[in-house]
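To keep things clear, I will list the structure first and then write my remarks on it.
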Protein chains: 2
Amino acid sequence: MVEQSEQSEVSIWLRPARSGRGPAPAFDRDRLAEAGVALADAQGLAAVTMRAVAQSLGSAPASLYRYVATRDELVELMSDRVNAEISYAYLGAGDWLDDLLALAREARAVCLRHPWLLDVLAAGAPVGPRTLAYLDRCLACLAELPLGGKEKLEAVAVLQSLVASLARAELAKELDAAEPPPWRRARDAYLRHAAATGDYPHLTAALKSAGPPGSKSADELFDRIITRALRGLLA
Amino acid sequence: MVEQSEQSEVSIWLRPARSGRGPAPAFDRDRLAEAGVALADAQGLAAVTMRAVAQSLGSAPASLYRYVATRDELVELMSDRVNAEISYAYLGAGDWLDDLLALAREARAVCLRHPWLLDVLAAGAPVGPRTLAYLDRCLACLAELPLGGKEKLEAVAVLQSLVASLARAELAKELDAAEPPPWRRARDAYLRHAAATGDYPHLTAALKSAGPPGSKSADELFDRIITRALRGLLA
DNA sequence: TGTTTCTGCGATCGCTGTTCGCAGTATCGT
DNA sequence: ACGATACTGCGAACAGCGATCGCAGAAACA
């Protein structure tokens, strides 16, 4: 028996799921990811506990470590899995900028459907096969531009950041309209107090004026900002 | 003795630091924030443990709870404290867009100096007096624009998101150039493998081509993207 | 059939945020 | 001046987390 090569420090995407011997595993990796996504969608990323996911699968508290080396790997599986929701149907209708915008829209939709994904992407974007497929499509849009490879990669990275940040802003606005989370009441109370002190005149004014109803839809705003930022980035 | 009103659920900024009786506290809140910032700058936000901060202050493991109700409040103090680094010296030289850009540059600098701040802002922006001062300055730039109060607030929120995302992209690029973190080696190994399979042709091409050295500086790129996005957002 | 190698399981470790009771001390009311 | 009050810092403790390890059993190979 040769010493087993340290299978740590190697990405989960390069590690085979099983090695043929022994009893068949009860689940596969995608089943783990599915359970994790369900939990995260319902109760946030913090609820995705090794114990909780294992329980939702009807398994022992620490059983997930047979499939995954660490919790971060589980999150990586989840993060890659949601990329399967991306549709590439609307591509090729217009020029490269239209295609890129369509891809950005798809990514935005995924982020809005799975808010926890923003937290994941914020902590260093993990990379899986479906994520790479999306990345490749983005790069394809940039193929004919007179840019170096590194510049294209960088541009796509910035685009991803922009999409994430806009999606985050939308979600924050959405949450503001919804039921007050526990700590948001405290925040708003302080905000009202601060506005009443007069130390922040413009803030006070902005909070008072109701203003006309938001004229532009979120979709329209998203398109416009992304388009202009891309032009500034690439031209 | 009347029942003490539940001082929970009220923002730390509205809660008085001490109530006059008893011995004087060993520190004040800003001292906590200072220690926390030092720790986060050196070893990341995860290193900001109640125990670690207490130890760096030479105090007992759980002593911080005399000053702060929860760890999140400590982080809130830290988040507000770094806003003191923002300089408002370059304001008023040009039109409102120049001022807004100058403010965005300052915020970007703070984010680059304290990378952990991005993690904090990502999880629902906390609000303190110095943060509100910055926010008020931003709103002042928009004062003469024909926009409703809510729209102005929203615009500033989006601007903040954009600044954060661009700073994040810059930091990521910076980290790529630096020493390989433990898990980044694994990620890059998978990326090379994926590029070698031929499933992602454009990715493969982009990784191969060295390309010309990045022509534009990060500062220039930041200004350009922010300016264009702002025009798309406000006009 | 016997060996090998995997499986799921339970106990356990160290670390985290947080709570609680204790003894001491500075301020207030009289 | 002096007790009552209300705070202080301190240390022990609890529940929950990610992660490790050794165990008994089962499937695949020789």
Side-chain angles (χ1 to χ4, degrees), chain A residues 1-9 12 15-29 31-32 35-36 39-40 43-78 123 182-183, chain B residues 1-9 12 15-29 31-32 35-36 39-40 43-78 123 182-183:
Chain A
M1 186 62 308
V2 190
E3 178 188 354
Q4 169 138 337
S5 72
E6 304 213 8
Q7 77 175 20
S8 184
E9 307 235 351
I12 191 175
R15 215 182 315 142
R18 54 166 291 157
S19 309
R21 209 80 125 195
F27 326 103
D28 59 352
R29 287 173 177 169
R31 185 83 184 78
L32 294 208
L39 233 66
Q43 315 177 49
L45 191 59
V48 180
T49 301
M50 300 301 272
R51 289 170 167 86
V53 175
Q55 181 173 6
S56 98
L57 257 52
S59 197
S63 65
L64 296 195
Y65 289 98
R66 289 287 172 201
Y67 301 84
V68 147
T70 163
R71 193 194 101 117
D72 284 344
E73 281 192 354
L74 170 61
V75 175
E76 208 165 335
L77 292 181
M78 293 164 53
W183 51 273
Chain B
M1 189 61 310
V2 190
E3 178 189 354
Q4 168 139 338
S5 71
E6 305 213 9
Q7 77 175 18
S8 183
E9 308 233 354
I12 191 175
R15 216 183 314 144
R18 55 166 288 154
S19 309
R21 213 75 130 199
F27 326 101
D28 59 352
R29 287 173 178 169
R31 184 84 184 77
L32 294 209
L39 232 67
Q43 315 176 49
L45 191 60
V48 180
T49 300
M50 301 301 272
R51 288 170 170 85
V53 174
Q55 181 173 7
S56 97
L57 257 52
S59 198
S63 65
L64 296 195
Y65 288 97
R66 290 288 173 200
Y67 302 84
V68 146
T70 164
R71 193 193 101 117
D72 284 344
E73 281 193 353
L74 171 62
V75 175
E76 208 167 333
L77 291 181
M78 294 166 51
W183 51 274

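So that the names make sense, note that chain A is the first sequence line, chain B the second, and so on, each numbered from 1.
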Legend entry - Sub-4.5 Å side-chain heavy-atom contact between Leu77(A) and Glu73(A):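 The answer is no, as the side chains (C-beta and beyond) never meet within the 4.5 Å cut-off.
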
Inset, instruction - For each nucleotide in nucleotides 22-30 of chain C, reading 5' to 3', give B when a protein heavy atom comes within less than 4.0 Å of its base, S when such contact involves only the sugar-phosphate, and - otherwise. - result: --BBBBS--

Can you check the [X] [atom1] to [N] [atom2] distance for me, whole Å?
X        : N       : atom1 : atom2 : value
Gln55(B) : dC15(C) : CD    : P     : 12 Å
Asp28(B) : dT8(D)  : CG    : P     : 13 Å
Leu57(A) : dT7(C)  : CG    : P     : 15 Å
Leu64(B) : dT8(D)  : CG    : C1'   : 14 Å

Legend entry - Step-by-step side-chain contact (heavy atoms from CB on, under 4.5 Å) determination, Leu57(A) to Phe27(A): CA-CA 9 Å; Leu57(A) 257 52; Phe27(A) 326 103; 3.9 Å; yes

Inset, instruction - Only counting residues at least two apart or in another chain, list the ones meeting salt bridge (charged side-chain N to carboxylate O under 4.0 Å, His left out) with Arg31(A). - result: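 Expected list: Glu34(A).
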
In chain order, what residues pass the side-chain contact (heavy atoms from CB on, under 4.5 Å) check against [X], with sequence neighbours excluded?
X        : answer
Pro25(A) : Arg18(A), Tyr67(A)
Ala52(A) : Leu39(A), Thr49(A)
Ala46(A) : none

Legend entry - Pairs meeting criterion side chain to side chain donor-acceptor pair (under 3.5 Å) with involvement of residues 55-64 of chain A, two or more places apart: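 The answer is Ser59(A)-Ser63(A).
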
Could you go through nucleotides 16-18 of chain C and list every protein N or O atom that sits under 3.5 Å from one of its N or O atoms, giving the distance for each pair?
| unit_1 | atom_1 | unit_2 | atom_2 | d |
| --- | --- | --- | --- | --- |
| dT16(C) | OP1 | Thr49(B) | OG1 | 3.4 |
| dG17(C) | OP2 | Met50(B) | N | 3.2 |
| dG17(C) | N7 | Arg51(B) | NH1 | 2.7 |
| dG17(C) | O6 | Arg51(B) | NH2 | 3.0 |
| dT18(C) | OP1 | Thr70(B) | OG1 | 2.8 |
| dT18(C) | OP2 | Tyr65(B) | OH | 3.1 |
| dT18(C) | OP2 | Thr70(B) | OG1 | 3.4 |
| dT18(C) | OP2 | Arg71(B) | N | 2.7 |
| dT18(C) | O5' | Tyr65(B) | OH | 3.4 |

Legend entry - Approximate separation, where rounding is to 0.5 Å, of Arg29(A) CZ and Glu76(A) CD: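 Spacing of CZ (Arg29(A)) from CD (Glu76(A)) equals 10.5 Å.
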
Inset, instruction - State whether Ser59(A) places a side-chain N or O below 4.0 Å from either non-bridging phosphate oxygen (OP1 or OP2) of dC9(C). - result: yes

